[in-house]
2 protein chains.
Amino acid sequence: MNDIKQFLRSNDLRPTKQRIVIAGYLFDGTDKHVTAESLSTELAKRKHIISLATIYNTLHDFYENGLLKKLTLTSDRVYFDTNTDDHHHFYSEKDQFLIDINKNIEVSGLPKTPKNKKINKIEVIVHLDK
Amino acid sequence: MNDIKQFLRSNDLRPTKQRIVIAGYLFDGTDKHVTAESLSTELAKRKHIISLATIYNTLHDFYENGLLKKLTLTSDRVYFDTNTDDHHHFYSEKDQFLIDINKNIEVSGLPKTPKNKKINKIEVIVHLDK
DNA sequence: TCTCAGTTTAGAATGATTCTAAAGTGTTGA
DNA sequence: TCAACACTTTAGAATCATTCTAAACTGAGA
């Protein structure tokens, strides 16, 4: 709890009640994938009612501070990943199946980067079917 | 024109005026990336006014028939790609920069596919910065 | 404790996409 | 050629995730 406050402070985030609850849930040690909606639902199960606006704000604040990764898996909604290491995903739209690929993936054969640009990150999504 | 009609028929798509115009634009030989909105704008420039609903319907019909690829680059909107070959992308959100990587990319080091699933496709997105 | 910038919130607004149901149009068989 | 119908198109409403607004609230420092 004080750890969480300290953690938030060290990321220039004022440790408000809501942020403490959200960080406590997200950064409990196990990697998680959440959407604003799923996070709201999970917190509600734990009797923590936080407005959706705040959940969106907080996810973005955390993202802006590098505490979360943003995933673009579908255009329906945005997923955030608590695992901010360089990694990739297995994903299946139908089953809402989404798991990390932590093993080191090698992407080779890339052409040279377009003029005046630099690579920010490489995202590999392995789309699965049943 | 009759080619297009034939092309549509061979894909179980009734060759309506609108589909002929859209297919004529999309499959003119040059690879294209479009969104419903951008397609609508391009057609309008060519004096072809087609309702957005029809544009959405048609993009989906073409997609369902394998004439287009769907790209998930951002959660803001859906991109369709007329290049249906196995290929990947350089993408920059800020600049709306999006180009194909046609060169063969090799993705190695993938862990084994989760039980009872099979790989549908592998999508590599190289996110760029200025 | 006082003060205020930073936060939270309900509810409205936005914007891409989908839905509805009514009007229009290829296609087919006679 | 044409009737008849299933398939399409369309305007406008509806949906849904997300963002915005502006008012109330609350950490943090003095």
Side-chain angles (χ1 to χ4, degrees), chain A residues 1-2 4-25 33-44 48-65 67-68 70-80 93 96 98, chain B residues 1-2 4-25 33-44 48-65 67-68 70-80 93 96 98:
Chain A
M1 168 68 175
N2 279 315
I4 296 178
K5 283 192 180 181
Q6 208 37 59
F7 169 74
L8 289 170
R9 279 206 194 84
S10 69
N11 281 286
D12 292 315
L13 293 164
R14 189 182 285 188
T16 63
K17 282 199 214 67
Q18 296 79 183
R19 284 175 177 165
I20 291 168
V21 166
I22 295 175
Y25 169 72
H33 298 118
V34 301
T35 62
E37 210 60 54
S38 79
L39 177 53
S40 171
T41 302
E42 283 307 311
L43 294 177
H48 291 121
I49 306 303
I50 297 178
S51 79
L52 254 190
T54 297
I55 287 182
Y56 276 102
N57 289 341
T58 304
L59 286 171
H60 283 125
D61 293 341
F62 287 4
Y63 169 69
E64 291 302 330
N65 283 278
L67 306 180
L68 293 173
K70 195 188 282 189
L71 309 180
T72 27
L73 301 170
T74 160
S75 56
D76 294 343
R77 56 203 168 287
V78 175
Y79 282 89
F80 289 92
E93 174 96 64
Q96 299 272 340
L98 170 60
Chain B
M1 169 69 175
N2 278 316
I4 296 178
K5 285 192 179 180
Q6 209 36 57
F7 170 73
L8 289 170
R9 279 206 195 85
S10 70
N11 281 287
D12 290 316
L13 292 165
R14 190 180 285 189
T16 64
K17 282 198 213 66
Q18 296 78 182
R19 284 175 177 166
I20 291 168
V21 166
I22 295 174
Y25 170 72
H33 298 118
V34 302
T35 62
E37 211 60 54
S38 78
L39 178 53
S40 172
T41 302
E42 284 307 312
L43 295 178
H48 290 120
I49 307 304
I50 296 178
S51 78
L52 255 189
T54 297
I55 288 182
Y56 275 103
N57 289 341
T58 305
L59 286 171
H60 283 124
D61 293 342
F62 286 5
Y63 170 68
E64 290 303 331
N65 283 278
L67 306 180
L68 293 173
K70 196 188 281 188
L71 308 180
T72 27
L73 301 170
T74 162
S75 56
D76 294 343
R77 55 203 168 289
V78 174
Y79 282 90
F80 289 92
E93 174 96 63
Q96 299 273 339
L98 172 60

- line: When rounded to whole Å, the CG to P distance for the pair A:Leu52 and D:dT19 reads 11 Å

task: Would you confirm whether A:Thr54, through its side chain, and A:Ile50, through its main-chain N or O, come within 3.5 Å as a donor-acceptor pair?
output: no

Phosphate contact (C:dT18 OP1 or OP2) by B:Tyr56 side-chain N/O below 4.0 Å: no

- line: In 5'-to-3' order, the base (B), backbone-only (S) or no-contact (-) status of each nucleotide in nucleotides 22-30 of chain D, using a 4.0 angstrom heavy-atom cut-off, is ----BBS--

- prompt: Quick one: A:Arg77 CZ to D:dT19 C1', roughly how many Å, whole number?
  reply: 19 Å

- request: Please check the phosphate of D:dT10 (OP1 and OP2 only) for any side-chain N or O of B:Ser51 closer than 4.0 Å.
  value: yes

- request: Check the distance between D:dT8's C1' and B:Asp12's CG and give it to me in whole angstrom.
  value: 15 Å

message: Heavy atoms from C-beta onward define the side chain here; which of C:dA16, D:dT9, D:dA17 lies closest to that of A:Glu37?
response: D:dA17

message: Please report the distance, rounded to the nearest Å, between CG in A:Asn57 and C1' in D:dT18.
response: 11 Å

message: Could you tell me how far apart A:Asn11 (CG) and C:dT7 (P) are, to the nearest whole angstrom?
response: 13 Å

- prompt: Near A:Tyr63 OH, under 6.0 Å, is it more than 12 heavy atoms from other residues, nucleotides or ligands?
  reply: no

- request: Would you kindly say whether B:Ser38 and B:Thr41 are connected by a side-chain donor-acceptor distance under 3.5 Å?
  value: no

- request: Please report, rounded to the nearest Å, how far the C1' atom of C:dG26 is from the CD atom of B:Gln6.
  value: 14 Å

- prompt: Any donor-acceptor pair under 3.5 Å linking the side chain of A:His60 with the backbone of A:Tyr56?
  reply: yes

Nearest-angstrom distance from the residue atom CD of A:Glu64 to P of C:dT7: 13 Å

Whichever of B:Ser75 and B:Asp61 has its nearest DNA chain D nucleotide further upstream toward 5': B:Asp61

Rounded distance (Å) that lies between atom C1' of D:dA17 and atom CG of A:Leu71: 17 Å

- prompt: When you measure from the side chain of B:Arg77 to the backbone N and O of B:Thr35, does any donor-acceptor pair fall under 3.5 Å?
  reply: no

field: Closest-nucleotide 5' rank along DNA chain C - winner of A:Ala53 and B:Ala36
entry: A:Ala53

message: Would you say A:His60 places a side-chain N or O within less than 4.0 Å of OP1 or OP2 belonging to D:dT18?
response: no

message: Under the side chain to side chain contact (heavy atoms under 4.5 Å, CB included) test against B:Tyr79, which residue among B:Val34, B:Leu68, B:Thr72, B:Leu73 passes?
response: B:Leu73

message: Does B:Lys70 qualify as a cation-pi partner of B:Phe80, given the criterion of NZ or CZ under 6.0 Å from the six-membered ring centre and within 45 degrees of its axis?
response: no

